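Have a look at the structure below before the remarks.
Computed from a prediction, not measured in an experiment: that's the story for all the values here.
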Number of protein chains: 2
Amino acid sequence: MPDQEAMPDPAHQQPAKRRAGRPAKAILAVAPITQAALELIRRDGYKGLTMAALAKRLNVAPSALYNHVRSKQDVLALVQDHLMSFVDVSAFAEAAWPEAVRAWARSYRDVFAQHTPLIPIIAVQPIADSPQTLRSYEAVADGFRRAGWPESEIVDAIVALESFIYGSAFDVNAPEDIFDGGGQPAAPGLTGAVQAREARHGRYTADRAFALGLDAIVDGLLARRGDT
Amino acid sequence: MPDQEAMPDPAHQQPAKRRAGRPAKAILAVAPITQAALELIRRDGYKGLTMAALAKRLNVAPSALYNHVRSKQDVLALVQDHLMSFVDVSAFAEAAWPEAVRAWARSYRDVFAQHTPLIPIIAVQPIADSPQTLRSYEAVADGFRRAGWPESEIVDAIVALESFIYGSAFDVNAPEDIFDGGGQPAAPGLTGAVQAREARHGRYTADRAFALGLDAIVDGLLARRGDT
DNA sequence: ACCTGAACACCGTTCAAGT
DNA sequence: ACCTGAACACCGTTCAAGT
């Protein structure tokens, strides 16, 4: 599932081309930087990802990184695109549209729930600079088209689903007691709903809300497919 | 619509009470800090909100702030809760459920589209510490109940809608050309969908995807109300 | 109780100097 | 072309000292 080797340099970075006959002096490149950043994040979280820590892990001086990326934002964008290769789009080739969308959405949420600091970046990053993101969108758009979606509605439907997925990724990190009003008398109605929820479904998890919302949006999209 | 004066201190901050007969020495308090932070954000954006800038605007030393908040995170949580008072829940008292939900969701998205750096905080902040957030949830939960929602499903339905709203708030800040593949031959299917979209609906705005997703999720929720 | 001023331990980024 | 080392302009936060 990971794209192991080939990590094409986004267009906006200067390629690390090597002239034949000249010894390769470069010890750094975009792909190892991305990999090291991801390992650092997995080990120490996003607060552990600093340019200094990244450089140290790669055994170079921090300033050396700036020969390959323009900023820390660039590093984050590289990691974001790389993670997109872990989002499973295979269901679009195998299952019917509603099941395929649900499988894709779950996989997408699960990947980025561990990387919420990237969500503000994804949502705003032009896809032209992100090869893996482009690849993923292509598969999804194709799945929609084969399921009979009108060409002009595909993008908006995908964006709507993504919005729900991004928001749900944050929710995964909510503490279990997020809805404990502390017995606040100011909100008896909410307290009642929270308690009824707990009595019926147990302690708070993001999964029930995600399933409910995903089912609703998939059903709703299907019902209004094409009547625009 | 703004709650002008009364900004109750969250339980976790030490109150700035004054003994009678003693001159008030305190020149700072939580409410002015919140207000100053919001003004700073409106003027210079979130990168302009530093503890130093905040202190300067209040004519105190940066270290003075720490007598009233424990961290910058605290300041952000105060701003977040304050903004919740701008989210319009009045439609729940006036309109039918689907219209009320749509009006509330739009208002919610519009407020936080200008404050996306707060979304990671909202999504994780226990509501007990946030009086305005609590008030807002109370109104929404009540609206759901009066519309006949089963008590145990109210919280999950609201969370699902919020997830969509948060994700959509990011999308508002997407650049117009976010889907320009740069004529990438790698993604002909996506390019087709993007072009068909543009031909039919004009340049990219977040509003169409938001309307589509919101209608879908409202319809979908309504269709499956209670069958759990 | 609440403020100031100095200090600390970081950040990301730049740039002259080397090879 | 790509690296090092030093430096810059910030950050958020702490803490002794004052009132």
Listed once per pair and sorted, the side chain to side chain donor-acceptor pair (under 3.5 Å) pairs that draw on residues 109-122 of chain A, sequence neighbours left out: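 Residue pairs with at least one partner in residues 109-122 of chain A: Y46(A)-H115(A), R109(A)-D207(A).
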
Using nucleotides 5-10 of chain D, report all nitrogen or oxygen pairs with the protein that are shorter than 3.5 Å.
residue	atom	partner	partner atom	Å
dG5(D)	O6	S63(A)	OG	2.5

Calculate the interatomic distance between [X] atom [atom1] and [N] atom [atom2]; express it in whole Å.
X: K47(B); N: dG12(D); atom1: NZ; atom2: P; value: 13 Å
X: D44(B); N: dC11(D); atom1: CG; atom2: C1'; value: 16 Å
X: N67(B); N: dA1(C); atom1: CG; atom2: C1'; value: 8 Å
X: L65(B); N: dC15(D); atom1: CG; atom2: P; value: 17 Å
X: K72(A); N: dC11(C); atom1: NZ; atom2: C1'; value: 8 Å
X: R70(B); N: dC15(D); atom1: CZ; atom2: C1'; value: 19 Å
X: L54(B); N: dC11(D); atom1: CG; atom2: C1'; value: 14 Å
X: Y66(A); N: dT4(D); atom1: OH; atom2: P; value: 14 Å

Who pairs with F210(A) by ring-ring contact (aromatic ring centres under 6.0 Å, His included), at least two apart in sequence or on another chain? F164(A)

Considering residues at least two apart in sequence or located in another chain, which fulfil the ring-ring contact (aromatic ring centres under 6.0 Å, His included) criterion with Y108(B)? W104(B), F112(B), Y166(B)

Where the side chain of P62(A) is concerned, which of dT13(C), dG12(D), dC3(D) is the nearest nucleotide? dT13(C)

Test item: I33(B) and L58(B) side chains (from C-beta on) under 4.5 Å apart, heavy atoms: yes

Could you tell me whether the side chain of E162(B) reaches within less than 4.5 Å of the side chain of D171(A), counting heavy atoms only?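 SC-SC contact between D171(A) and E162(B) ruled out.
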
State, to 0.1 Å, how close M51(A) and L65(A) come at their nearest heavy-atom pair, and which atoms those are. O-CD1, 3.3 Å

Nearest heavy-atom pair of G202(A) and R197(A): which atoms, and what distance? O-NH2, 3.5 Å

State which residues pass side chain to side chain contact (heavy atoms under 4.5 Å, CB included) with S63(A); sequence neighbours excluded, sorted by chain then number.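 Per chain and number, S63(A) pairs via side chain to side chain contact (heavy atoms under 4.5 Å, CB included) with A61(A).
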
Roughly how far apart are I41(B) CD1 and L54(B) CG, rounded to 0.5 Å?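 Here the rounded value is 9.0 Å.
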
Just need the stems in DNA chain C: three or more back-to-back Watson-Crick or G-U pairs, each with both distances under 3.5 angstrom, sorted by first number.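 Expected stems, ordered by start: C:4-8 with D:12-16, C:12-16 with D:4-8.
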
